[in-house]
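All remarks here apply to the structure that follows.
Here the structure is a predicted model, which means the values were calculated and not measured.
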Amino acid sequence: MDEQTSRDFFEYLLRLGDDRLILGHRVSEWCGHGPILEEDIALSNIALDLLGQANLLLQLAGQVEGQGRDQDALAYFREATQFRNAILCETPNGDFGDTIVRQFLYSVYALLVLDQLQRCRHEALAGIAAKAYKEARYHVRHSGEWLIKLGDGTEESHRRVQAALDKAWSYTGELFVGDDIERRLAAQGLAVDPASVREGWLAQVKDVVAIATLTLPADGYMQRGGRTGRHTEHLGHLLAEMQIVARSFPGASW
């Protein structure tokens, strides 16, 4: 791997890992607050899946970078502008419908990307993707079933989850905006050009939204900037909570 490819690959692994780290932390905030006991456990398990994926991806990123940073250093000792997650992943949980919509929209995207990454030329990344793909299938099924229940449920649940879908939609465009880094890596079989999965993502989302008796929002202005370190104020608050122990006691073990 030449120097340019190594830099690109490190950046790409950060994008993959940061999506999961930040979304996993967000979902973990539901632990002890789920609407029913079973769902409390389900959301906690989804959070653990995402954090486990983030752990492996950031560990690999640290190895590729070769500057002595491991997954903990990358998770707990970077500033908000150094994170590369999509903005959708850092949006607040809102109510249960907001969380389900965010999880469904992201999980379908993640599933399609992981499906391709299983066959990428980098053996370690392909192995991580193969494991994560199985988990992402469950995330899609779980959040999709809830989306249908809420959309095709009561008048209030329909109204609230439609509002959640309308609100989250403007954050989805960023998921499919590729750049030179991803295109260079994709040409070498080391990454997925995100634009290549948009059609499949839209088809799956449309199907479930229709069954849920919801209306797909029209494409308008799309939020973006997370992949280059421009985030909302929500990420700063999230990191303050997530990093406080590691930063208060650097190097501590227990």
Exercise. What distance do Asp152 atom CG and Ile211 atom CD1 have between them, rounded to the nearest 0.5 Å?
Worked result: 10.0 Å

Problem set entry | hydrophobic_cluster_shared for Leu48 and Ile46, side chain cutoff 4.5 Å | no

For this session: Decide yes or no for Leu125 and Leu16: does some side-chain heavy atom of the first lie under 4.5 Å from some side-chain heavy atom of the second?
Result: yes

For this session: Please check if Val161 and Leu216 belong to a single hydrophobic cluster, counting links between Ile, Leu, Val, Met, Phe, Trp and Tyr side chain heavy atoms closer than 4.5 Å.
Result: yes

For this session: Only counting residues at least two apart or in another chain, list the ones meeting salt bridge (charged side-chain N to carboxylate O under 4.0 Å, His left out) with Lys149.
Result: none

Problem set entry | Polar side-chain atom of Glu182 near backbone of Ala191 as donor-acceptor pair, under 3.5 Å | no

For this session: Answer yes or no: does atom CD of Glu3 have more than 12 heavy-atom neighbours from other residues, nucleotides or ligands under 6.0 Å?
Result: no

For this session: Mind checking the OG-CG spacing from Ser28 to Leu51? Nearest 0.5 Å is all I need.
Result: 6.5 Å

Exercise. Excluding sequence neighbours, so at least two apart, what forms salt bridge (charged side-chain N to carboxylate O under 4.0 Å, His left out) with Glu29?
Worked result: Arg26

Seminar exercise, completed: Given the options Arg227, Gln53, Arg84, Asp19 meets side-chain hydrogen bond (donor to acceptor under 3.5 Å, both in side chains) only with Arg227

Exercise. Among pairs that include at least one residue of residues 40-63, which meet ring-ring contact (aromatic ring centres under 6.0 Å, His included), considering only residues two or more places apart or in two chains?
Worked result: none

Exercise. Are Val177 and Val113 connected in a single hydrophobic cluster, I mean Ile/Leu/Val/Met/Phe/Trp/Tyr linked by side-chain heavy atoms less than 4.5 Å apart?
Worked result: no

Exercise. Run the side-chain contact (heavy atoms from CB on, under 4.5 Å) check on Asp18 and Leu58 step by step: do they pass?
Worked result: CA-CA 8 Å; Asp18 287 349; Leu58 293 180; 3.8 Å; yes

Problem set entry | Least distance between heavy atoms, Asp166 atom then Pro217 atom | OD1-CG, 3.5 Å

Exercise. Side chains of Asp115 and Leu112: closer than 4.5 Å at any heavy-atom pair?
Worked result: no

For this session: Indicate yes or no for a side-chain donor-acceptor contact from Trp30 to the backbone of Thr99 under 3.5 Å, with no hydrogens or angles considered.
Result: no

Problem set entry | Leu111: partners by side chain to side chain contact (heavy atoms under 4.5 Å, CB included), with sequence neighbours left out | Tyr133, Ala136, Arg137, Val140

Exercise. Hey, what do you get for CZ (Phe10) to CD1 (Ile181), rounding to the nearest 0.5 Å?
Worked result: 11.0 Å

Exercise. Can you check whether Glu174 reaches Leu88 side chain to side chain, under 4.5 Å on heavy atoms?
Worked result: no

Exercise. How would you list, by chain and number, every residue that makes a salt bridge (charged side-chain N to carboxylate O under 4.0 Å, His left out) with Asp95, sequence neighbours excluded?
Worked result: Arg160

Exercise. Under 3.5 Å, side chain of Arg184 to main-chain N/O of Asp8, donor-acceptor pair present?
Worked result: no

Exercise. Does the ring center of Trp146 lie less than 6.0 Å from the ring center of Phe96?
Worked result: yes

Problem set entry | Qualifying salt bridge (charged side-chain N to carboxylate O under 4.0 Å, His left out) pairs, either residue in residues 228-238, two or more places apart | none

Exercise. Do Tyr12 and Met1 belong together in a cluster built from hydrophobic side chains that touch within less than 4.5 Å?
Worked result: yes

For this session: Determine the interplanar angle of the Tyr109 and Phe176 rings, folded into 0 to 90°, and report it as parallel if under 30°, tilted if 30 to 60°, perpendicular if over 60°.
Result: perpendicular

Problem set entry | Spatial distance of atom OG1 (Thr81) from atom NE2 (His231) [nearest 0.5 Å] | 7.5 Å

Exercise. Checking side chain to side chain contact (heavy atoms under 4.5 Å, CB included) against Arg20, which of Asn85, Asn55, Leu57 comes through?
Worked result: Leu57

Seminar exercise, completed: So salt bridge (charged side-chain N to carboxylate O under 4.0 Å, His left out) across residues 192-205, not counting sequence neighbours, yields Arg198-Asp219

Exercise. Quick one: salt bridge (charged side-chain N to carboxylate O under 4.0 Å, His left out) partners of Asp180, sequence neighbours excluded?
Worked result: Arg183

Problem set entry | Atom pair CD1/SG of Ile22 and Cys89 - distance to nearest 0.5 Å | 8.5 Å

Problem set entry | Residues Met222, Thr172; criterion side-chain contact (heavy atoms from CB on, under 4.5 Å); working and verdict | CA-CA 7 Å; Met222 291 289 178; Thr172 58; 4.0 Å; yes

For this session: Test Leu21 against Phe83 for side-chain contact (heavy atoms from CB on, under 4.5 Å), laying out the working first.
Result: CA-CA 10 Å; Leu21 176 66; Phe83 275 77; 3.8 Å; yes

For this session: Please examine the side chains of Gln103 and Leu50, heavy atoms only from C-beta on, and report whether any two atoms are closer than 4.5 Å.
Result: yes

Problem set entry | Within residues 37-54 or reaching into it, pairs that qualify as salt bridge (charged side-chain N to carboxylate O under 4.0 Å, His left out) - sequence neighbours excluded | none

Problem set entry | His122 and Phe9 aromatic centres sub-6.0 Å | yes

Problem set entry | CG on Leu74 to CG on Leu60, rounded to 0.5 Å | 11.0 Å

Exercise. Under 6.0 Å from the OH atom of Tyr76, do we count more than 12 heavy atoms belonging to anything else shown?
Worked result: no

For this session: Please tell me if the side chains of Leu165 and Leu147 come closer than 4.5 Å, counting only heavy atoms from C-beta onward.
Result: no

For this session: Check whether any side-chain N or O of Gln71 sits under 3.5 Å from a backbone N or O of Gly62 as a donor-acceptor pair, and report yes or no.
Result: no

Problem set entry | Test item: Phe104 and Val205 side chains (from C-beta on) under 4.5 Å apart, heavy atoms | yes

For this session: Walk me through it: do Leu117 and Cys120 pass the test side-chain contact (heavy atoms from CB on, under 4.5 Å)?
Result: CA-CA 5 Å; Leu117 280 181; Cys120 81; 4.3 Å; yes

For this session: Decide yes or no for Ser6 and Val64: does some side-chain heavy atom of the first lie under 4.5 Å from some side-chain heavy atom of the second?
Result: yes

Exercise. Does Val101 share a hydrophobic cluster with Leu202, counting links as ILVMFWY side-chain heavy atoms below 4.5 Å and allowing steps through other members?
Worked result: yes

For this session: Would you sort out whether Gln4 and Arg7 count as a side-chain hydrogen bond (donor to acceptor under 3.5 Å, both in side chains), showing the intermediate values?
Result: CA-CA 5 Å; Gln4 177 68 60; Arg7 283 200 303 270; 3.2 Å; yes

Problem set entry | For Gln223, all residues meeting side chain to side chain contact (heavy atoms under 4.5 Å, CB included), sequence neighbours excluded | Ser170, Tyr171, Tyr221

Problem set entry | Salt bridge present between Asp98 and Lys167 (N-O < 4.0 angstrom) | yes

For this session: Could you tell me whether the side chain of His234 reaches within less than 4.5 Å of the side chain of Thr91, counting heavy atoms only?
Result: no

Would you be so kind as to tabulate the donor-acceptor pairs closer than 3.5 Å made by side chains of residues 235-245, with sequence neighbours excluded?
residue, atom, partner, partner atom, Å
Glu241, OE2, His25, NE2, 3.2
Gln243, OE1, Arg247, NE, 3.0
Gln243, NE2, Ala75, O, 3.1
Gln243, NE2, Arg78, O, 3.1

Exercise. Could you give all pairs that pass the salt bridge (charged side-chain N to carboxylate O under 4.0 Å, His left out) test and reach residues 62-73, with sequence neighbours left out?
Worked result: Glu65-Arg69

